[in-house]
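Written below as structure tokens is the structure these notes are about.
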Amino acid sequence: MKQRLLFLVKVVVSMLLVFVVCKLAFILVNAGEDKPAVTDLISTCWHGLSLDLTMALYIVTVPALVTIVSIWWNQWKWMRNLLKVYFSLISIPLVVGITADIVLYHYWGIKLEASVMQFLDTTGAAFTSISWGALLLLLIIGIVTCWAIARLLIHTLPSSMPVLSLRKKWVMSAIMVLLLPLMVVGIRGGIGESTANVGQVYFSQNQFLNHAAVNPVFSFLSSFSSTHRLPEHYYFDSKTCQEMTDSLFFTDSQGTDTLLTTRRPHIVMVIMEGCGGTFTLLNDKAEVTPNLTRLAHEGVFFSNCYANSWRTDRGNVSILSGYPAFPNSSVMKVSSKCDKLPSIARALAREGYYARYIYGGDINFTNTKGYLIGTGFNETISDKDFPIADQQSSSWGVCDEKVLDRAIQMIAQDRKEGVQSMNVIMTLSSHEPWDVPMKKKFDDEELNAFYYLDKCIGQFVDKMKANKLWDNTLLIILPDHGSRYQDHGYESHITCHIPLIWTGGAVKGQKDIPVICNQSDIAATLLGQMGIPHEEFTFSRDVLSSSYRHPFATYSFTNHVAFIDNTNQFFLYDLQDNRTTEDANLRLSKALLQRACEDLRDR
């Protein structure tokens, strides 16, 4: 029995060794003059191990199935030859993928993935820039490497397998049946909400080391998921699209209405899970969120703000990168584009700010960690950074009260150490199944969950004031998206109509801002208030600027886009409707969507 198990272990270990060597080769070829330290090499290999293990388990699946068959069918010689063929064949795509990743990284600057296949012309140009001698050398290296990997795997094959007694056959079969689910868990990346993804291996502010840690074969295979692909919405020729949209986006910050008492406030942003206008004073639900109502009346209330999307991963990108959301694709999951997006964190870093993201859930979910590190966040706090008991205080992780208390501690520490910081706090309790640690206020569990969220925010504000953290602080409160409730689905403008509140000691006073805007406009509006250039935020508008002359908002969910014009008229379009007559707003919605697709494609 041991021989069969040892064989499978040897295959996994052999593949891990191959992937580690390939990481070192990747670094050696692409690091340039700035060679990483030995500690960086160790960290890169260590952090990349989880994805390497996922790929190794994929590869060992066939040998595992053959091993199960060999328990009952005593034909190991035949099966051994079959596995020799399998190992020889599997080494070919492995070497092609690894070699292509190492060689072409210099030209692409991204890991190997499906989206680069649309740039085959560029890839061809990359190869044509290599001399014939270099190509020949590359071919020889590839053939030798392929042979070496095949031989390494074939070497793990036992020359014979012992015939087992009937009792041992049943025991071994039971062991293998138990091992298969464990292999599936390993391939999936664990039993948590998140599955294996590129961002889970990111560990450094040096993006090259993060890229080196990523298994290129995993990166390529995982990118074939539809949500990992670049969005493709093209309706007009590029010139027509540009003419239709040129005047709608960039706004300078001349004549900007000043809301703040200082150009350099401490920034705290609370992104509320799903707390759209359905549960706030925007829909006469002030009794559900009394603290938000109070803060809206005390601070600056953007009463005509709309979410860009209906999912957290889309909403985070819209808020933190000022980037539009797409109906059927998640930019956050396209790892090759994340570090090329603009970001508030990176813009503030140039001004000396330290950026931190605090979340009580799984930070690897939807590649969140990869996106955050790629866009300049210095630190991420997630469920694993809390005590085990706290991690179980909510279905999705650490309940909001404990997360906000942790945020208070970190903000206080920043002040004590004189650190100018931006702390982004993502809540999670107001999410199905609506289990919150408080006595019921409402019979409706969903309303009760949002009441709990509001209560936590009220306590957070009170503690900020009590700990003298309120002064010189700009507190921005808004949701990542809305939530369906009763008759209000994603098709309803009420769902995507969201509260946006600016409050804190750095805010001059109470004011209502009725101008139509999107959550993606926060980036340019915030930086405009701080006197920081924001030209890189192509799709974000300073809505307080006198140059904001074309107010509108857009919103998208699966196969749908919505458009809210300057008269507050709400238009919803099904992109699969193929309507023959298109009104002006539909044409404009399509042009805006295409402009965003072209921008993302070219980054």
Q: Verify side chain to side chain donor-acceptor pair (under 3.5 Å) between N423 and D414, making sure each step is shown before the conclusion.
A: CA-CA 10 Å; N423 285 275; D414 289 344; 3.3 Å; yes
(Q) So, taking the atom named CD1 in I344 and the one named CD1 in I522, what distance separates them when rounded to the nearest 0.5 Å? (A) 7.0 Å
**Q.** Nearest-0.5 Å distance that lies between atom CE in M438 and atom CD in E401
**A.** 10.5 Å
**Q.** Under 3.5 Å donor-acceptor, R415 side chain and L469 backbone
**A.** yes
Q. For residues 456-466, which residue pairs qualify under side chain to side chain donor-acceptor pair (under 3.5 Å), counting only residues two or more places apart or in two chains?
A. D405-K463
Q. Nearest 0.5 Å, what's the OG1-CG distance between T261 and D471?
A. 9.0 Å
Q) Side-chain donor-acceptor pair under 3.5 Å between D313 and T366, yes or no? A) no
Q: Scan for side chain to side chain donor-acceptor pair (under 3.5 Å) pairs involving residues 369-378, sequence neighbours excluded, and state none if there are none.
A: S321-Y371
**Q.** Closest non-hydrogen atom pair between L292 and C275, with its separation
**A.** CD1-SG, 4.0 Å
Q: Take T554 and S589 through the test side-chain contact (heavy atoms from CB on, under 4.5 Å) and record every step on the way to the result.
A: CA-CA 8 Å; T554 61; S589 295; 5.5 Å; no
Q: Check whether the side chains of E273 and T312 place a donor and an acceptor atom closer than 3.5 Å, and report yes or no.
A: yes
Q. Within the distance-only criterion (no hydrogens, no angle test), does the side chain of K333 pair as donor or acceptor with the backbone N or O of S329 below 3.5 angstrom?
A. no
Q. F302 and W502: aromatic ring centres closer than 6.0 Å?
A. yes
Q: Spell out, as yes or no, whether a donor-acceptor pair under 3.5 Å connects the side chain of D385 to the backbone of S382.
A: yes
Q: Would you check if L593 and F326 make a side-chain contact, meaning some heavy-atom pair closer than 4.5 Å?
A: yes
**Q.** Listed partners of L588 passing side chain to side chain contact (heavy atoms under 4.5 Å, CB included), at least two apart
**A.** L248, F563, L592
**Q.** Derivation of the salt bridge (charged side-chain N to carboxylate O under 4.0 Å, His left out) call for K402 and D383
**A.** CA-CA 11 Å; K402 295 181 183 297; D383 53 356; over 6 Å; no
Q. When you measure from the side chain of S421 to the backbone N and O of I267, does any donor-acceptor pair fall under 3.5 Å?
A. no
Q: State, to 0.1 Å, how close S50 and H47 come at their nearest heavy-atom pair, and which atoms those are.
A: OG-O, 4.0 Å
(Q) When you measure from the side chain of N308 to the backbone of P324, do you find a donor-acceptor pair of N or O atoms at a distance under 3.5 Å? (A) no
Q: Would you check if D512 and P514 make a side-chain contact, meaning some heavy-atom pair closer than 4.5 Å?
A: yes
(Q) Looking at every non-hydrogen atom in both residues, tell me the closest pair between C399 and S393 and how far apart they are. (A) N-OG, 2.8 Å
Q. If you take all heavy atoms of P479 and G274, which pair is closest and at what distance?
A. CB-C, 4.5 Å
Q: Output all residues satisfying ring pair (Phe, Tyr, Trp, His ring centres under 6.0 Å) with Y306, sequence neighbours left out; order by chain, then residue number.
A: H497
Q | Any donor-acceptor pair under 3.5 Å from D400 side chain to S429 backbone | A | yes
Q | ring pair (Phe, Tyr, Trp, His ring centres under 6.0 Å) partners of Y452, counting only residues at least two apart | A | none
Q. For the atom pair CD (Q519) and CD1 (I271), what is the distance rounded to the nearest 0.5 Å?
A. 8.5 Å
Q. Do T44 and P36 touch side chain to side chain, with heavy atoms closer than 4.5 Å?
A. no
Q: Enter the distance from R541:CZ to R549:CZ here, rounded to the nearest 0.5 Å.
A: 14.0 Å
**Q.** Polar side-chain atom of K337 near backbone of V331 as donor-acceptor pair, under 3.5 Å
**A.** no
Q. Do H233 and N328 touch side chain to side chain, with heavy atoms closer than 4.5 Å?
A. yes
Q.
Measuring only between side-chain heavy atoms, which start at C-beta, is C305 closer than 4.5 Å to L478?
A. no
Q) Between the side chains of Q409 and Q413, does any donor sit under 3.5 Å from an acceptor? A) no
**Q.** Any side-chain heavy-atom pair of T427 and V403 under 4.5 Å
**A.** no
Q) Quick one: does NZ or CZ of R314 land under 6.0 Å from the six-membered ring centre of F557, within 45 degrees of the ring axis? A) no
Q.
For V398, is there any backbone N or O sitting under 3.5 Å from a side-chain donor or acceptor partner on D390?
A. no
Q) For F26, what residues pass the ring pair (Phe, Tyr, Trp, His ring centres under 6.0 Å) criterion, not counting sequence neighbours? A) Y105, F208
Q) Taking atom CG of N304 and atom SG of C517, what is their separation to the nearest 0.5 Å? A) 7.5 Å
Q. Do you see a donor-acceptor pair shorter than 3.5 Å between the side chains of D339 and Y202?
A. no
Q. Can Y359 and N316 be said to form a side chain to side chain donor-acceptor pair (under 3.5 Å), step by step?
A. CA-CA 12 Å; Y359 177 51; N316 265 322; over 6 Å; no
Q) So do R595 and C241 actually touch side chain to side chain, heavy atoms under 4.5 Å? A) yes
**Q.** W310 side-chain N/O to P327 backbone N/O, donor-acceptor pair under 3.5 Å
**A.** no
(Q) I'd like to know whether L544 forms a side-chain contact (heavy atoms from CB on, under 4.5 Å) with T258, so could you lay out the CA-CA distance, the side-chain angles of the two residues, the decisive distance to 0.1 Å, and finally the verdict. (A) CA-CA 8 Å; L544 300 176; T258 304; over 6 Å; no
Q. Going by heavy atoms in the side chains, are V38 and I42 under 4.5 Å from each other?
A. yes
Q. Okay, side chain of D521, backbone of G322: is any donor-acceptor separation there less than 3.5 Å?
A. no
Q) What orientation do F279 and F450 show, parallel under 30°, tilted 30 to 60°, or perpendicular over 60°? A) parallel
